[in-house]
Amino acid sequence: MARIGFIGVGNMGGPMAANLIKAGHQVNAFDLAAAATDAAAKAGAAIAPSARDAAKGAETIITMLPAGKHVRGVLIDNGLLAETPRGTLFIDCSTIDVETARAMHEAATKAGHHMLDAPVSGGTAGAAAGTLTFMCGGTDVAFKRAEPILATMGKAVIHAGGAGNGQAAKICNNLILGITMIGVSEALTLGKKLGLEAATLHAVSSKSSGSCWALNEYCPAPGPVPKAPSNRDYQPGFTAAMMLKDLKLALGAAQASDSTVPLGALAESLYALYCNAGHGARDFSGIIKMIEGRA
Ligand code: NAD
C-alpha cells in the first residue's frame, strides 16, 4: 500500500483515484471544485484543504489537471516541489505541452525528486474501468517506481523514453487519430453519395488498406460499430474540445521543433470550426456531421 497525494480529481482523476483506493492505496485528494472532492470522498479518499496538505506524508504525488499552466502552478508556484521531502515521486498524468513537461522534470530533479510524465489514452470510460494506457517519459528509476501504481489504473504502461516523451507520444498519437477521423468521415460521406452503405464500406475497408482504428473501432457513421458514440448521437467518448486541445499542442510542438504538419493544421482548423459551431462537448467523431454539411 502506498500513500498517494492526488491533485485534480475531475472527470479523469476522480475515477483514477477511486481505482487506486480499490487497489488498497491510501489517497489524499485535493481539487479546487467541491463537486470533484465530494465524489472523491464518496470513493474513499481523504480530502485535503490544499495541494500542499494533499502532498504531506505521501511518497507519490499524482497530478491530473487541465493544462500546463495548472501543473506549473501546483508544482512550482504552490511550492510543492520545493517543500516536499527529497526523493518523492511525482507523476503528471495531465495532457500538457512537451516544453512545460520537460521544465517540470528539470525542476523536480533539481529539487531531488523523481518525475514521470504519464498522459493517458482511454477517456473517462477507461479511467472508470481501470483500462487506461499510460505513455511515460522519465528515467528508468522513476518508471520502475511508478509502474505498479499506474498498473492499478490501466491495461498498459509504456515507457516512451526520457523526460517529456510521454507527452510527445500522446500528441503524436492524437495527431494520427484527429486526421484519420476526418479521412474516414470524408470516405463514408462520399460513399453514401455514391450509394454505398456505411456498413458495406466498413466491411470492405476494415479488411483493406483503409483499415484504421477510427473506422474499425470508432466508426463515425452509425451502424457498423455498435459501441461507437455515433450510435448515441455523439455523446462522448472523447470530446471535440479535447481533440482540439491536443491538436493545438501538436501544432505548438511542431512549430517549436521545425516540423511540418500540414494535415494536422487543417484538422485543427476543422475541429475548431466544429467546436465554434457549438459542438465542443460532443464526441470528436461528430465531425462527420460537419463534413456532411449537417453540423
Ligand atoms: P476536468 O476538468 O474534469 O478535471 C480537471 C480538474 O482539475 C478539475 O476538477 C479542476 O477543478 C481541477 N483543477 C484545476 N486547477 C487546479 C488546481 N490548481 N488545483 C487543484 N485542482 C485543480 O478534466 P479531465 O477530463 O479530468 O482531464 C484532465 C486531464 O486529462 C487533461 O489534461 C485532459 O487533456 C486529459 N485527458 C482527458 C481525457 C478525457 O476524456 N476527459 C482523456 C485523456 C486525457
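For ligands, and for the atoms within them, numbers begin at 1 and follow the listed sequence. Values in this document were obtained by computation on a predicted structure and should not be read as measured data.
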| Numbering the atoms of ligand 1 from 1, which are under 4.0 Å from a heavy atom of Ser94? | 32 (O)
| query | Can you list the ligand 1 atoms lying under 4.0 Å from a non-hydrogen atom of Lys245? | reply | 31 (C), 32 (O), 33 (C), 34 (O)
| Connected via hydrophobic side-chain network under 4.5 Å: Leu244 and Ile291 | yes
| For Ala107 against Leu81, the heavy-atom pair lying closest together | CB-CD1, 3.7 Å
| query | What protein heavy atom sits nearest atom 40 (O) of ligand 1, and how far off is it? | reply | Gly123 CA, 3.5 Å
| task | Among all protein heavy atoms, pick the one closest to atom 21 (N) of ligand 1 and tell me residue, atom and distance. | result | Leu32 N, 3.5 Å
| query | Which atoms from ligand 1 have a heavy atom of Phe238 less than 4.0 Å away? | reply | 40 (O), 42 (C)
| Taking only heavy atoms of His70, which atoms of ligand 1 are found under 4.0 Å from at least one of them? | 15 (N)
| query | Does ligand 1 have an atom that lies less than 4.0 angstrom from a heavy atom of Ala51? | reply | no
| Between Asn231 and Gly223, is there a donor-acceptor pair closer than 3.5 Å when you use the side chain of the first and the backbone of the second? | yes
| query | Any idea which protein heavy atom is nearest atom 6 (C) of ligand 1, and the distance to it? | reply | Asp31 OD2, 3.5 Å
| said: Is it the case that over 12 heavy atoms from other parts of the model lie below 6.0 angstrom from the CD atom of Gln255? | reply: no
| message | Checking contacts now, so for atom 34 (O) of ligand 1, which I'm interested in, is there any protein heavy atom under 4.0 Å? | response | yes
| field | Minimum-distance protein heavy atom relative to atom 28 (C) of ligand 1 | value | Leu65 O, 3.9 Å
| atom 1 (P) of ligand 1 [closest protein heavy-atom partner, distance rounded to 0.1 Å] | Asn11 N, 4.0 Å
| Under a 4.0 Å heavy-atom limit, does Lys69 contact ligand 1 with its side chain, its backbone, both, or neither? | neither
| Pro66, any N or O under 3.5 Å of ligand 1 N or O | yes
| message | Would Asp246 count as a polar contact of ligand 1, with the cut-off being nitrogen or oxygen pairs under 3.5 Å? | response | no
| task | Among all protein heavy atoms, pick out the one at the shortest distance from atom 26 (O) of ligand 1; state its residue, atom name and that distance to 0.1 Å. | result | Met12 N, 2.8 Å
| request: Determine the interplanar angle of the Phe284 and Tyr271 rings, folded into 0 to 90°, and report it as parallel if under 30°, tilted if 30 to 60°, perpendicular if over 60°. | output: tilted
| field | Where ligand 1 meets Thr95 - atom numbers and elements under 4.0 angstrom, heavy-atom basis | value | 32 (O), 34 (O), 35 (C), 44 (C)
| request: Decide whether Thr63 and Asp92 meet the rule of one side-chain donor and one side-chain acceptor closer than 3.5 Å. | output: yes
| field | Taking atom 4 (O) of ligand 1 as the reference point, the nearest protein heavy atom with its distance | value | Gly10 CA, 3.4 Å
| Any residue meeting ring-ring contact (aromatic ring centres under 6.0 Å, His included) with His70, in chain and number order, not counting sequence neighbours | none
| For Phe30, the ligand 1 atoms whose distance to one of its heavy atoms is below 4.0 Å | 19 (N), 20 (C)
| query | Any idea which heavy atoms bring Ala43 and Ala18 closest together, and the distance? | reply | CB-CB, 3.8 Å
| Which atom names give the shortest non-hydrogen contact between Ala51 and Val74, and what distance separates them? | CB-CG1, 4.2 Å
| What residue pairs, at least two apart or across chains, pass salt bridge (charged side-chain N to carboxylate O under 4.0 Å, His left out) with a residue in residues 172-197? | Lys192-Glu292
| For Ala33, the ligand 1 atoms whose distance to one of its heavy atoms is below 4.0 Å | 11 (O)
| query | Would a hydrophobic clustering, with Ile, Leu, Val, Met, Phe, Trp and Tyr connected at side-chain separations under 4.5 Å, put Ile96 with Leu251? | reply | no
| said: Looking at Glu59, I'd like to know if its CD atom is crowded, meaning that more than 12 non-hydrogen atoms belonging to other residues, nucleotides or ligands lie closer than 6.0 Å. | reply: yes
| request: Please could you name the atoms of ligand 1 that Met242 approaches to less than 4.0 Å, counting only its heavy atoms? | output: 25 (O), 33 (C), 34 (O), 37 (C), 41 (N)
| remark: Logged contact type for Val74 with ligand 1, heavy-atom cut-off 4.0 Å, is side chain
| What closest approach, in Å, do Leu132 and Met12 show between heavy atoms, and which atom pair accounts for it? | CD2-CE, 3.9 Å
| query | So which of Met243, Met64, Met16 gets nearest to atom 30 (O) of ligand 1, if we judge by its closest heavy atom? | reply | Met64
